[in-house]
Amino acid sequence: MKTKILFFAFFLIQTIAVLAQDMASLKTEALKSYKASVNMNFDDIFATTYPKVFDIIPQDQMKKMFGQMMENEQFSIKLVEVEPNFSFGEIKKIEEKSFCFIDHNNVMSMKFKEPMEDAESMIEIFKSSMNAEKVTYDKLTNSFRIEMRSTLIAVADDLTKNQWKFLNKDKENKMFSMLFDAKIVKALGL
């Protein structure tokens, strides 16, 4: 009986240690991913991105797409570094893959090149389409500051050599659904 109790206690301690280690590495990698995005360092962004994404959108195409999204003839977007205040969900293991949802603060500045005629309606559009918590308009700089909570989906599996990699969670979970089967999507409540 003592042997069974000792074995159970050892197993429990090992499990807690592994989960703590997973959470520690998850926190470190989430911060790397956040910093890469804020600094628009494409190499670091791609290094922290779940690799199957590049089967759908090649890196060079994604880099071009990001460039056009961040700077075009209508506006420019800059991500503002703030304290991310990460909120980590539980680590879930499904089909030998680990997943975790991570909410964080996300702030961007969007500067328009033409004078804004109806800033108030744009504020409402940003709030509804981006689930922004706070949107302010600065008439002097013709720019909006958009503050919101965003969600990363962390994944560790054989493909990533059990290192944490990330996907941005979109409203309809389209990218995630393209990468993972319906059983995983359902198990994660997506």
Task: Basic-acidic side-chain contact under 4.0 Å: E81, K35 - done: yes
Open item on the list: Which heavy atom of K63 sits nearest to which heavy atom of F46, and what is that distance?
Closed with: N-CZ, 4.0 Å
TODO: Would you name the heavy atoms of N142 and E114 that are closest together and state the gap between them?
DONE: ND2-O, 2.7 Å
Task: Identified side chain to side chain donor-acceptor pair (under 3.5 Å) partner of S150 from the options D103, N168, N105, N106 - done: N106
Open item on the list: Give me the atom names and distance for the closest heavy-atom approach of S98 to I91.
Closed with: CB-CG2, 4.1 Å
- [ ] Take atom NZ of K169 as the centre, draw a 6.0 Å sphere, and report whether it contains more than 12 heavy atoms from other residues, nucleotides or ligands.
- [x] yes
TODO: Please report the shortest heavy-atom distance between R149 and F86, naming the atom on each side.
DONE: NH2-C, 4.5 Å
Open item on the list: Any carboxylate oxygen within less than 4.0 angstrom of a Lys/Arg side-chain nitrogen, looking at E71 and K113?
Closed with: yes
- [ ] State the CZ-SG distance between F166 and C100, to the nearest 0.5 angstrom.
- [x] 8.5 Å
Only pairs under 3.5 Å count here: list side-chain donor-acceptor contacts from residues 179-190, not counting sequence neighbours, and write none if there are none.
{"residue": "D181", "atom": "OD1", "partner": "K183", "partner atom": "N", "Å": "3.0"}
{"residue": "D181", "atom": "OD1", "partner": "I184", "partner atom": "N", "Å": "3.0"}

TODO: Would you indicate whether K111, at its atom NZ, is surrounded by more than 12 heavy atoms from other residues, nucleotides or ligands within a distance under 6.0 Å?
DONE: no
Open item on the list: Could you walk me through whether W164 and S25 satisfy the side-chain contact (heavy atoms from CB on, under 4.5 Å) test, starting with their C-alpha distance in whole Å, then the side-chain angles of each, then the deciding distance to 0.1 Å, before giving a yes or no?
Closed with: CA-CA 8 Å; W164 290 108; S25 66; 3.4 Å; yes
